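Report on one structure; see the data block that follows.
Worth saying up front: this structure is predicted, and the values here are computed from it rather than measured.
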Amino acid sequence: MSHRTSRLEIQGMSCANCSQSITESLEALDGVSEANINFATDEGTVEYDPGAVSLAEIYDAIDEAGYHAESATASIGIADMTCANCADTNEEALELVPGVITAEANYATDEAQVEFNPADVSRSELYDTVEEAGYTPIRDDDGAAESDQERRDAARQEEITKQLRLTLFGAVLSAPFLFFLADRFLLGGTVFPDTVFGFEFEWVGFLLATPVQVVLGKPFYENSYKAIVKNGRANMDVLIALGSSTAYIYSLAVLLGVVAGQTYFDTAALILVFITLGNYLEARSKGQAGDALRKLLEMEAETATIVDEDGTEREVPLEEVDVGDRMKVRPGEKIPTDGVVVDGQSAVDESMVTGESVPVEKEAGDEVVGSTINENGVLTVEATNVGSDTALQQIVQTVKEAQSRQPEIQNLADRISAYFVPAVIANALFWGTVWFLFPEALASFVEWLPLWGQVAGGPAPAGGSVSVFEFAIVVFASAVLIACPCALGLATPAATMVGTAIGAQNGVLFKGGDILERAKDVDTVVFDKTGTLTEGEMELTDVVAFDADDRPVPDGGTAAADSGIPATSGRLTEDDVLRLAAAAESASEHPLARAIVEGAEERGLEVSDPESFENVPGHGVRATVDGDEVLVGNRKLLRDNGVDPAPAEETMERLENEGKTAMLVAHVPADADEGVLAGVIADADTVKESAEEAVTALHERGTDVMMITGDNDRTARAVAERVGIDPENVRAEVLPEDKSDAVEAIQAEGRQAMMVGDGVNDAPALAVAHVGTAIGSGTDVAIEAADVTLMRDDPVDVVKAIRISDATLQKIKQNLVWALGYNTTLIPLASLGLLQPVLAAAAMAFSSVSVLSNSLLFRRYDPDYDYELFGFLR
């Protein structure tokens, strides 16, 4: 294969060494002949052999070097896919396009997700590729008024209407055949005469079946031609075309006297009617499976009331709202876009985003989510995210991407489907030939089966080449028609589609179907403490000053008053301790620091800015306040700076045993050689009401629960005891950068861990966990490090995520058991001549519809309850 050259736009380079690092990483790949990276232009070119190295590997190498190559993602709606083989064909065609990184086509959602290099390939080229593969892409026409989703919905509705029309057309012409079949099999052919209006019965069958063959058979013949001639692989349409045309052509040969036997025009017509009916029901079920996302999108407001600077109000379409616009939202109205409340107070129903039924109180400074409903007061909201950046649109996009990434269990179905159709055709040819050559031997075997003589129309013919040939034709047609790769192809994506939608409705967003599958295997849940099990809103609770003898002063007292030492001696009052600590912490954004500053301000103390400030990660802060050095932090911070924390140990232990975070305060006057212990300050964080419920539910599932925190051991154990976590499962005083190591150590014990954190400080730990879960992300639903995003600040949603995963996999297994069991049971029966072709076609259509119907029933699942859908499949 000839070499390709790709032009890349690369982010993150800051010097010539960066470009050299990327060049070396790329040229180390087998298949890359040359890489030229330009730091000045943030661009580069790579020449490579696509037969030896893929573009995806090139992108991965750049990522591993610490940089990022620009890429784009396109979601392409595809009509005309009829089975999993069609999806595979589209994937392979797209992945061969120069510039495409990855492509995943989903038969259940009728779309493909394509990641590509925009410098090498355009969306129009991707559409053309799908078209060249023999399928119909739903193009994103420039200037079109409707949205991409609306175009897809319209295309799907058009497909449903088309299949319904074809079904009704075929049903009208084929209805007489049902009466003829009933007469033949049930009444012995005694009701209907041999002629109808002077025409022989066979000619009536020909006149009725031929329009059905032409009109209903045309799509199957066209798709079969595209599959075999254009793409070099057989799909489900090939099986249908073979079965129907075999019955029709053989019947035509009998009618014209070429061969002797009976006609099967009824079989040829009813095959196409049953299959088309199945296609109609399947298309309708696919539409219902996507209802959840459509309902979310329908919740968007259509207009917004903009308040101009002069106070005038005007109503504009939602598309015209810009970031920074101020919108008035009256009671009962939808909030048009994501934003921040700048005026007013009200309760907002956020259930459509978070799944929380209780309205949330909002006031100035609070964030609101677009499409949620303002309950009572009037709000003025400043838009922060509009268009595709709103939380609702990101939720929908996240769910769509999740549906395109299938679970690993789908690989089983894909491997089977890849060889399924050729194997079915080979099986049908084999048994048709065997029946033709050895009819008497097979007849002596199958005559013992109870269905023999009823379904197959009597004992196998013996003697006479014509009757033997006729029966071999029936076996061949039945064997190709009974096999259905559709049910196998739909088993996983249909259930995944519903499972991810259930998650979205409950405020649980899975990044992919593979994550949806993985979550059920979690045996250990590791919670971060602050903001996850606790509210994360610290408040000042205690200030303890120490006297001249390093003894704590009773509450309300002062060091100067109780020790008899004048204030000028250098010992501090409680207010002095708090004032110094607040000044030192005022330059920090840490929640503990903010609580100290706010506590000082509430007590009316003046908080000055420090002359210098240094954050000591994991230990505290060092600052210069009014010329003196102040230390606020843990024991190690004081020891490292020559201050003995021992006198405060009893006070620290008492506060920590109460579940508070205690911090030591040391003061080093400018004219002193060493610092002195000034006091202890404590903050407390409220444990979330549902934390204990979540831990209990996880324990009931047999899941171990652990906690990792940077807080001290006593405080961590106090919180753990309150929520029901075993103290032995607490990892305390873990620095932020060490959390990922702690999670890896837990998993090194053979555990499959879910790390639950805030998605920001815990990003490294989320990335290394078996499943990373970001909790309470608000409107930011695109946390790259997390596999699962929870829209609420509720630990119980962790349990919901695991339950949804477990239930979805149970449903997938149900579908696979049905699909595989159906084929395993009925293919042998058809091969032995025990099924009429028309019955085989009906069963084939029913199999796909049954899998989709089973998946649609899953929509009723409620993750608030833990129950087994199909216990023996666990």
Find the distance between [atom1] ([X]) and [atom2] ([Y]) and round it off to the nearest 0.5 Å.
{"X": "T129", "Y": "E92", "atom1": "OG1", "atom2": "CD", "value": "13.5 Å"}
{"X": "S853", "Y": "F858", "atom1": "OG", "atom2": "CZ", "value": "15.5 Å"}
{"X": "D787", "Y": "L516", "atom1": "CG", "atom2": "CG", "value": "11.5 Å"}
{"X": "L809", "Y": "E517", "atom1": "CG", "atom2": "CD", "value": "5.0 Å"}
{"X": "T808", "Y": "I502", "atom1": "OG1", "atom2": "CD1", "value": "6.0 Å"}
{"X": "D797", "Y": "L509", "atom1": "CG", "atom2": "CG", "value": "10.5 Å"}

Assess the residue pair T167 and F169 against the criterion (side chain to side chain contact (heavy atoms under 4.5 Å, CB included)); give the C-alpha distance rounded to whole Å, side-chain angles, the decisive distance to 0.1 Å, and a yes or no. CA-CA 5 Å; T167 300; F169 174 82; over 6 Å; no
Are the side chain of [X] and the backbone N or O of [Y] linked by a donor-acceptor pair below 3.5 Å?
{"X": "R803", "Y": "D864", "value": "yes"}
{"X": "T276", "Y": "V273", "value": "no"}
{"X": "S478", "Y": "V474", "value": "yes"}
{"X": "K811", "Y": "N854", "value": "yes"}
{"X": "D806", "Y": "I802", "value": "no"}
{"X": "T524", "Y": "A753", "value": "no"}
{"X": "N427", "Y": "A423", "value": "no"}
{"X": "D794", "Y": "V796", "value": "yes"}
{"X": "R792", "Y": "G507", "value": "no"}

message: Please determine whether side chain to side chain donor-acceptor pair (under 3.5 Å) holds for the pair Q810 and Y861, giving the CA-CA distance in whole Å, both sets of side-chain angles, and the decisive distance to 0.1 Å.
response: CA-CA 12 Å; Q810 288 184 55; Y861 177 73; over 6 Å; no
Test item: [X] and [Y] side chains (from C-beta on) under 4.5 Å apart, heavy atoms:
{"X": "F510", "Y": "T789", "answer": "no"}
{"X": "D523", "Y": "T703", "answer": "no"}
{"X": "V238", "Y": "I228", "answer": "yes"}
{"X": "V798", "Y": "L790", "answer": "yes"}
{"X": "V508", "Y": "V788", "answer": "yes"}

### Message
Applying side chain to side chain contact (heavy atoms under 4.5 Å, CB included) to Y221 and S245, what does each step give before you reach the verdict?
### Response
CA-CA 9 Å; Y221 293 128; S245 59; 3.3 Å; yes
Going by side-chain contact (heavy atoms from CB on, under 4.5 Å), [X] matches just one of [options]. Which one?
{"X": "V212", "options": "V172, L270, L173, L166", "answer": "L173"}
{"X": "V522", "options": "R751, M754, Q752, M755", "answer": "M754"}
{"X": "L216", "options": "L272, I275, I240", "answer": "L272"}

Compare every heavy atom of [Y] with every heavy atom of [X], then report the nearest pair and how far apart it is.
{"X": "T500", "Y": "M497", "answer": "OG1-O, 3.0 Å"}
{"X": "V799", "Y": "A694", "answer": "CG2-O, 3.7 Å"}
{"X": "Y127", "Y": "P137", "answer": "O-CG, 3.4 Å"}
{"X": "N90", "Y": "A105", "answer": "CB-CB, 4.3 Å"}
{"X": "G243", "Y": "I271", "answer": "O-CD1, 4.0 Å"}
{"X": "S831", "Y": "V475", "answer": "O-CG1, 3.6 Å"}

Side chains of [X] and [Y]: donor-acceptor distance under 3.5 Å anywhere?
{"X": "Q113", "Y": "S75", "result": "yes"}
{"X": "S855", "Y": "N815", "result": "yes"}
{"X": "Q213", "Y": "S244", "result": "yes"}

Could you please spell out the steps behind the side chain to side chain contact (heavy atoms under 4.5 Å, CB included) verdict for I775 and V756? CA-CA 7 Å; I775 188 170; V756 185; 4.1 Å; yes
Under the side chain to side chain contact (heavy atoms under 4.5 Å, CB included) criterion, do L94 and L126 qualify, and how do the steps go? CA-CA 7 Å; L94 288 166; L126 300 177; 4.1 Å; yes
